[in-house]
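To keep things clear, I will list the structure first and then write my remarks on it.
What you are looking at is a predicted structure, and each value in this text was computed from that prediction instead of being measured. Heavy-atom basis, side chains included; hydrogens, waters and symmetry copies ignored.
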Amino acid sequence: MNQMQRVVVLGSTGSIGCSTLDVIGRHPDRFEVFALSAATRAKDMAEQCFRFRPRYAVMADPEAAQALGEILEINRIDTEVLCGAEALDQVAAHAEVDTVMAAIVGAAGLSSCLAAARAGKRLLLANKEALVVGGEFFLEAVREGGATLLPIDSEHSAIFQSLPDDRSLWRSTVEKIILTASGGPFRTTDPAAFAAITPEQACAHPNWVMGRKISVDSATMMNKALEVIEAAYLFGLAPRQIEVVIHPQSVIHSMVQYQDASVVAQLGTPDMRGPIAYGLSWPERIASGAAPLDFMRMQALTFEAPDARRFPGLPLAWQALEATPGTSAILNAANEVAVQAFLDGRIRYDHIFQVNDATLSAVRVSKPGSLDDLLALDAEGRARARERVSQLEN
């Protein structure tokens, strides 16, 4: 780990991507940015290229790619601008790359995650959808490629840090894992008021700074439902061995309870630079820029069970895990459609669960055996979810 790592940051202009570059910038002797990617934010990407001088910058949108190329040419920055999904796969699997930060939101990041896995990269997984959608198919790519898969979600990183180094002991010694959740902005809100919740209110998370989609997922706790599914695949545990508890202070990021009844927890300030730094440096540890906990000034740590009236979508995680493989891909697709419809003002906040639940009931799932199968499931889930959105609009 003392040699220079060449890093690709997929989704570099989002909150995780920016935090990753902040950590990398603190350790110029350890990390070199090889490639960056974004969807449409050409100006933000240009600023990152000015600072880190990557070999490649990939834009999903052709117009944004053209705009970025013009900015870089004017400023004489020799970063090569690429465009499209194939370019993402190419930089993720490039022979000169050591580490890939996968921070593209949603199912759009699945293909590049698979490319990095098959190429045997150190894959820092901030895109939970790769496992939620890809499931065993994605894990098989990790095994066949000899990739090192490291979780970046604060909860899964905390679990990983709390488990034995010897993976063979996970199943024989662990009783359960406990994922903590902040409860979001509506933890104490009367469910009768949910119909009037605005996107701005849903995106105002009390502890974390995140993008709009993940902020809404945190408010509904659908992010936790997806994390339950991700944890089942990451750690090879049965659904019954995964529990969720609300911890409003977001100090304990998650816990592992062992068969001897002891509990190991990982604590830290709510700053994603902590798990990002751990993923970049594992098995070592490096400075992240996050503030340390001050135990003398810490508030009381409290815990409570999730309220089914406020978070009806959470049980869908266990429902999907116990159903035909591929069901979680339908759930993820429906949720992406529902959240976007809410952010666009087309449906109410309390309609998000209705879209997700109705879509799961409407789609008959066959076990996927290829990327095309997964993409077909994703497409069908989105189509059925859009139908339900249209019904709710009328």
Side-chain angles (χ1 to χ4, degrees), residues 1-106 108-109 111-116 119 121-127 152 209-213 271-273 276-277 279-281 286-289:
M1 287 298 299
N2 291 326
Q3 65 182 15
M4 182 74 72
Q5 284 190 65
R6 292 189 178 93
V7 183
V8 172
V9 184
L10 303 177
S12 65
T13 60
S15 60
I16 295 294
C18 290
S19 293
T20 301
L21 291 176
D22 181 87
V23 174
I24 287 173
R26 296 170 187 273
H27 302 277
D29 58 325
R30 296 182 66 115
F31 306 109
E32 174 188 340
V33 176
F34 183 84
L36 301 172
S37 88
T40 61
R41 296 162 67 175
K43 290 184 179 179
D44 292 342
M45 174 63 81
E47 292 177 4
Q48 293 178 346
C49 290
F50 294 161
R51 180 179 179 190
F52 292 98
R53 304 299 174 100
R55 188 181 303 183
Y56 300 105
V58 183
M59 303 300 294
D61 179 71
E63 292 184 3
Q66 181 177 350
L68 175 63
E70 292 171 356
I71 296 172
L72 297 182
E73 183 177 3
I74 291 171
N75 289 275
R76 298 183 179 180
I77 304 297
D78 60 2
T79 296
E80 182 177 350
V81 178
L82 306 175
C83 182
E86 289 187 9
L88 285 176
D89 293 353
Q90 290 170 9
V91 297
H94 198 287
E96 295 183 44
V97 170
D98 304 298
T99 300
V100 175
M101 167 59 77
I104 296 175
V105 176
S111 181
S112 53
C113 283
L114 283 167
K121 305 304 181 185
R122 173 189 285 248
L123 180 54
L124 310 184
L125 193 63
N127 174 333
I152 298 301
V209 177
M210 304 179 292
R212 286 169 65 79
K213 194 270 183 182
D271 189 326
M272 284 305 301
R273 290 178 296 178
I276 289 168
L280 285 168
S281 64
I286 59 174
S288 67

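- Note: C83 SG to Q66 CD = 10.0 Å, rounded to the nearest 0.5 Å.
- Across all their heavy atoms, S12 and M45 have their closest contact at OG-CE, 3.5 Å.
- Atoms CD1 and CG, from I276 and D22 in turn, are 9.0 Å apart once rounded to the nearest 0.5 Å.
- The structure places CD of E63 at 13.5 Å from CG of L68, a figure rounded to the nearest 0.5 Å.
- Within the 4.5 Å cutoff, the side chain of N127 has no heavy atoms near those of the I16 side chain.
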Stepwise side chain to side chain contact (heavy atoms under 4.5 Å, CB included) test for L125 and C113 | CA-CA 8 Å; L125 193 63; C113 283; 3.9 Å; yes

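- Minimum heavy-atom separation, A42 to A64: CB-O, 3.6 Å.
- Side chains of V7 and F52 form no contact here, defined as non-hydrogen atoms less than 4.5 Å apart.
- The shortest heavy-atom contact between S112 and G109 is OG-O, 3.1 Å.
- Note that the CD atom of Q3 and the CG atom of D98 stand 6.5 Å from one another [nearest 0.5 Å].
- Looking at heavy atoms from C-beta onward, T99 lies out of side-chain contact with M101 at the 4.5 angstrom threshold.
- When all heavy atoms are compared, the tightest approach of A87 to L82 is CB-CB, 3.7 Å.
- Under the 3.5 Å distance criterion, the side-chain polar atoms of T79 are left unmatched by any main-chain donor or acceptor of Y56.
- Across L124 and G279, no two heavy atoms sit closer than the pair CD2-O, 3.4 Å.
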Evaluation steps, side chain to side chain contact (heavy atoms under 4.5 Å, CB included), between I152 and M272 = CA-CA 8 Å; I152 298 301; M272 284 305 301; 4.1 Å; yes

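- Put simply, the side chain of F31 does not reach to within 4.5 Å of the side chain of T20, judged on heavy atoms.
- Atom CZ of R273 is separated from atom CD1 of I286 by 12.0 Å, given to the nearest 0.5 angstrom.
- Judged purely by atom type and a 3.5 angstrom limit, K121 has no side-chain atom pairing as donor or acceptor with the backbone of A92.
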Would you please test I104 and S37 for side chain to side chain contact (heavy atoms under 4.5 Å, CB included) and show each step?
-> CA-CA 9 Å; I104 296 175; S37 88; 4.1 Å; yes

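- Atoms CG and CG, on L114 and D89 in that order, are 8.5 Å from each other to the nearest 0.5 Å.
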With side chain to side chain contact (heavy atoms under 4.5 Å, CB included) as the test, would you mind laying out the steps for R6 and H94 before giving the verdict?
-> CA-CA 10 Å; R6 292 189 178 93; H94 198 287; over 6 Å; no

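- Partner of R55 under the side chain to side chain donor-acceptor pair (under 3.5 Å) criterion, chosen from E32, E80, E96: E96.
- With contacts defined as side-chain heavy-atom distances shorter than 4.5 Å, the pair P54/Q48 does not qualify.
- Looking only at distances, no side-chain donor or acceptor of R76 sits under 3.5 Å from a matching main-chain atom of E73.
- Heavy-atom minimum distance, A102 versus L123: CB-CD1, 4.0 Å.
- The closest side-chain donor-acceptor pair between D61 and T40, if any, does not fall under 3.5 angstrom.
- Two residues are said to be in side-chain contact when any heavy atoms from C-beta on lie closer than 4.5 Å; C49 and L72 meet this criterion.
- Not a single donor-acceptor pair under 3.5 Å links the side chain of K43 to the backbone N or O of A67.
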